[in-house]
Amino acid sequence: MYKDKILNILRSSRSAFISGEDLARKIGISRTMVWKHIRSLERDGFGIDAVPSQGYRIVFEPDILRQHEIKTRLKTRVIGKEIHIFSEISSTNTRAMEMALAKAQEGTVVIAEMQTGGKGRLGRKWISPKGNLYLSVILRPKIPLHKAPLITLMGAVVVASAIRKVCQVHAVIKWPNDLLISGKKVCGLLTEMSAEQDRIRHIVLGIGVDVNMDLEVMPADIRKSVTSLKSETRQKINRTVLLREILRDLDHWYRVILHDPDEVLKEWKKLNVTIGSWIAVSGAGEVLEGLAQGLDTEGRLLVKCDDGTIRTVAAGDVTILKR
Ligand code: BTN
């Protein structure tokens, strides 16, 4: 894309001006076309100095996710071949489910800068201001229906590993799919599925990571229990770099889960803080207390209660107790 080529040249020249003529020659388009692309970059939010006898230079870059940058050196096999970016949308999961129904290719990624109707687990809202990552990925895994919950666990493995690599912070998983840093939630995952009999038609894996938002925008009642990567690292995080790592890790772990789901469970166990802890699980109208002993092969939590019985929990909210 010419616009991206212009951007790359202007970026590499840093604060020096590049003439319209040079840009036109390097890219092989007319000066008028260069000017049109410069205007389009300005509409995208870039601040560009245009001085008649000297040329152009970038003075300000907006913090937006751009398709071309995400795809640069992405090198994935399935995930992110097709990427759709929205500045605002109701929910990336809802849009991805619609696209999946309309036969979108496997690995298609839907991204939004903000969501007006972001969805959380158990019918909750996911507050989605600017500055974070909101993405949903369409998958068509050839695994039995009863193994579908493993896709969410895989998502948690993927994002925890990506955060650790890119931000050098210790993100851990709380069953089934919350990511925590220093005990506070930094990411949530929501999978939605369409299935028939014992066959999965498609799964949408939705990921919300609190990256650069100011915690003040969160409602007071949940502010104490959430965090952002910026607040943990005291640095603004490059969302494109983190997103690319998430897509690459997902490409890797998706291949693994199709051939050896147990590998994903093994990795999940290495990254989790639930197993071995005393917990309370709430769900289905009851609260269960006990020792989180392990997972079964379908990713359900095994809880050993005080009376010695072992209960299998498929869904719920876990609180880690100090005991
Ligand atoms: C949770 O922890 O409750 C799950 C939150 C999942 C939020 C993500 S943001 C991207 C995708 N689109 C949505 O509407 N929800 C998921």
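Keep in mind that this is a model prediction, so the values were computed, not measured. Sequential numbering from 1 along the given sequence is applied to the chain's residues. As the structure lists them, so they are numbered: ligands from 1, and atoms in each ligand from 1.
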Below 4.0 angstrom from a heavy atom of [X], which ligand 1 atoms are there? Numbered from 1 as shown, please.
X    : answer
L135 : 10 (C)
I207 : 8 (C), 9 (S), 10 (C)
T92  : 10 (C), 11 (C), 12 (N)
G118 : 14 (O)
L189 : 4 (C)
S91  : 12 (N), 13 (C), 14 (O)

If you have a sec, work out which protein heavy atom is nearest [atom] and how many Å separate them, to one decimal?
atom                   : value
atom 2 (O) of ligand 1 : K185 NZ, 2.6 Å
atom 3 (O) of ligand 1 : R121 N, 2.7 Å
atom 5 (C) of ligand 1 : W126 CE3, 3.3 Å

Checking R124 against D317 for the salt bridge (charged side-chain N to carboxylate O under 4.0 Å, His left out) test, could you report, in this order, the C-alpha distance in whole Å, the side-chain angles of both residues, the deciding distance, and whether it holds? CA-CA 12 Å; R124 296 181 190 128; D317 273 330; 2.3 Å; yes

For T152, which of L190, V157, T191 qualifies under side chain to side chain contact (heavy atoms under 4.5 Å, CB included)? T191

Please confirm whether Q115 comes within less than 3.5 Å of ligand 1 when only nitrogen or oxygen atoms on both sides are compared. yes

Output yes when the distance from some N or O of ligand 1 to some N or O of K119 is under 3.5 Å, and no in every other case.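 Yes - when backbone and side-chain N and O of K119 are compared with those of ligand 1, one distance drops under 3.5 Å.
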
For ligand 1, which part of [X] has a heavy atom less than 4.0 Å away: the side chain, the backbone, both, or neither?
X    : result
S136 : side chain
N177 : neither
L122 : neither
T94  : neither

Heavy atoms of other groups near [X] [atom1], more than 12 under 6.0 Å:
X    : atom1 : result
Q105 : CD    : yes
K304 : NZ    : no
Y2   : OH    : no

Separation between CD (E88) and OG1 (T116), nearest 0.5 Å, reads 5.5 Å

Would you compute the distance between atom CG of L189 and atom CG of D178 and round it to the nearest 0.5 angstrom? 8.5 Å

Would you kindly say whether E232 and T227 are connected by a side-chain donor-acceptor distance under 3.5 Å?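 Yes, T227 and E232 have a side-chain donor paired with an acceptor closer than 3.5 Å.
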
Is it true that S40 and K3 share a donor-acceptor pair across their side chains at a distance under 3.5 Å? yes

Scanning both residues in full, the closest heavy-atom pair of L150 with V264 reads O-CG1, 4.5 Å

